[in-house]
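Single-structure report; data block below.
Because only heavy atoms are used, hydrogens play no part in the values below, and waters and symmetry mates are left out as well, while side chains stay in.
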Number of protein chains: 2
Amino acid sequence: MSKLEEVADALKLLGDRNRLTIVALLQVKELCVCEIVDILKTSQPNISQHMRKLRDGGLVKESRRGQWVYYSLCLEDKPYILDILKEIPSQAALIEPAICETNDCCT
Amino acid sequence: MSKLEEVADALKLLGDRNRLTIVALLQVKELCVCEIVDILKTSQPNISQHMRKLRDGGLVKESRRGQWVYYSLCLEDKPYILDILKEIPSQAALIEPAICETNDCCT
DNA sequence: AATAGAAATAAGCAAATAATTATATTACTA
DNA sequence: TAGTAATATAATTATTTGCTTATTTCTATT
């Protein structure tokens with residue numbers, strides 16, 4: 001696959017509102033699936049499938065801890081994606097209110 | 001539309017192999033539709049529709065000159081897209097061989 | 001005015017994609 | 001080891017998208 005195709009594939013991944021939000025959220029801190037589900041207010045399988053695409057595309061990595069799977073960014077070799085994320089307002093405000101109320105996963 | 005959605009839309013536009021190639025080509029020089037058709041070896045309506053999407057997304061601007069419509073980049077307010085394009089090898093080599101042989105539009 | 005070339009638009013179709021619902025897997029806990 | 005919570009996978013559906021073919025519009029030329 002050419003470099004151009006590689007970049008096109010990465011941009012296609014980020015060209016989705018939900019996935020771009022997820023990546024922006026992960027820039028604030030690593031999150032587990034159930035937190036992302038809470039924040040984006042969609043179904044668990046939907047997020048799970050988005051995470052798989054992001055992982056297959058090499059944009060995030062997962063780390064299982066107990067019952068929870070935490071995802072974090074994996075962009076060391078893709079500085080141009082960090083430049084894109086700089087363009088987006090921080091999504092930090094979405095994180096606080098959503099979690100720690102009905103979930104145990106962050107205690 | 002939020003800033004995040006704006007960026008997602010722009011990335012969706014660039015997340016297509018043909019459109020990303022077109023934008024990379026326009027970084028070398030402005031081109032008319034028939035030249036892009038020659039270079040990408042696809043149909044004229046196909047390119048025409050890609051150009052409309054890129055124009056609607058504010059990534060390129062057109063200038064009609066005679067029978068020909070020339071497109072050029074319009075990225076002053078989107079530096080993060082220039083950062084993306086830096087990641088892609090120059091597509092200049094695609095331009096030379098394709099044009100000026102069967103076309104009049106560059107004479 | 002008639003013709004020809006360049007580009008745009010319209011209509012149709014197949015493939016890809018995002019989402020949902022249902023089910024399976026994995027890991028913790030009582 | 002049964003039960004439960006978190007996540008993944010499978011199957012399905014609806015929508016979107018990229019491309020093709022056919023037609024139209026616009027401009028220049030004769």
Looking only at the side chain of [X] (C-beta and beyond, no hydrogens), which of the listed nucleotides [options] gets closest?
{"X": "A:S48", "options": "C:dC28, C:dA7, D:dA8", "value": "D:dA8"}
{"X": "A:R64", "options": "C:dA7, C:dT9, D:dT7", "value": "D:dT7"}
{"X": "A:Q49", "options": "D:dT7, D:dA10, C:dG5", "value": "D:dA10"}

Scan for salt bridge (Lys or Arg N to Asp or Glu O under 4.0 Å) pairs involving residues 3-14 of chain A, sequence neighbours excluded, and state none if there are none.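 Found A:K3-B:E87, A:E5-B:R17.
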For the pair made of [atom1] in [X] and [atom2] in [N], what is the distance, rounded to whole Å?
{"X": "A:N46", "N": "C:dT20", "atom1": "CG", "atom2": "P", "result": "5 Å"}
{"X": "A:W68", "N": "C:dT29", "atom1": "CH2", "atom2": "C1'", "result": "11 Å"}
{"X": "A:E35", "N": "D:dA5", "atom1": "CD", "atom2": "P", "result": "18 Å"}
{"X": "A:Q67", "N": "D:dA8", "atom1": "CD", "atom2": "P", "result": "13 Å"}
{"X": "B:M51", "N": "C:dA7", "atom1": "CE", "atom2": "P", "result": "11 Å"}
{"X": "A:E62", "N": "C:dT25", "atom1": "CD", "atom2": "P", "result": "18 Å"}
{"X": "B:I22", "N": "C:dA7", "atom1": "CD1", "atom2": "C1'", "result": "14 Å"}
{"X": "B:Y70", "N": "C:dA6", "atom1": "OH", "atom2": "P", "result": "11 Å"}

Listed in order of residue number, which residues of residues 2-19 of chain A have a non-hydrogen atom at under 4.0 Å from DNA chain C?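 Output list: A:K12, A:D16, A:N18, A:R19.
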Whether [X] contacts [N] is assessed here as follows: a side-chain N or O lying under 4.0 Å from the phosphate OP1 or OP2. Is that the case?
{"X": "B:S43", "N": "D:dT20", "value": "yes"}
{"X": "A:K53", "N": "C:dT17", "value": "no"}
{"X": "B:H50", "N": "D:dC19", "value": "yes"}
{"X": "A:Y71", "N": "D:dA6", "value": "no"}
{"X": "A:T42", "N": "C:dT20", "value": "yes"}

CG of A:L54 to CG of A:L73: how many Å apart, nearest 0.5 Å?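 Nearest 0.5 Å value for the CG-CG distance: 9.0 Å.
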Let me confirm one number: the CD-SG distance from B:Q67 to B:C32, rounded to the nearest 0.5 Å.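 Those atoms lie 10.5 Å apart.
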May I ask you to test the B:L31-B:I39 pair for a side-chain heavy-atom distance under 4.5 Å?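 A side-chain contact exists here, since the closest heavy-atom pair is under 4.5 Å.
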On DNA chain D, nearest-nucleotide positions of B:G66 versus B:P45: which is more 5'?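 Of the two residues, B:P45 wins.
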Nearest heavy-atom neighbours spanning B:G58 and B:K78: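 So the two residues come closest at O-NZ, 3.6 Å.
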Could you report the tightest heavy-atom contact between B:Q44 and B:V37, atom names first, then the distance?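 Taking B:Q44 first and B:V37 second, the nearest heavy atoms are CA-CG2, 3.6 Å.
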Do A:Q44 and D:dA6 share a donor-acceptor pair, side chain to base, under 3.5 Å?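 Looking at the base of D:dA6, it does not pair with any donor or acceptor on the side chain of A:Q44 (distance under 3.5 Å).
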Please determine if B:R65 forms a cation-pi arrangement with B:Y70, meaning its NZ or CZ atom is less than 6.0 Å from the six-membered ring centre and no more than 45° off the ring axis.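 Satisfied, under 6.0 Å and within 45°.
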Is the shortest side-chain N to carboxylate O distance from B:K53 to B:D56 below 4.0 Å?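 No salt bridge links B:K53 with B:D56.
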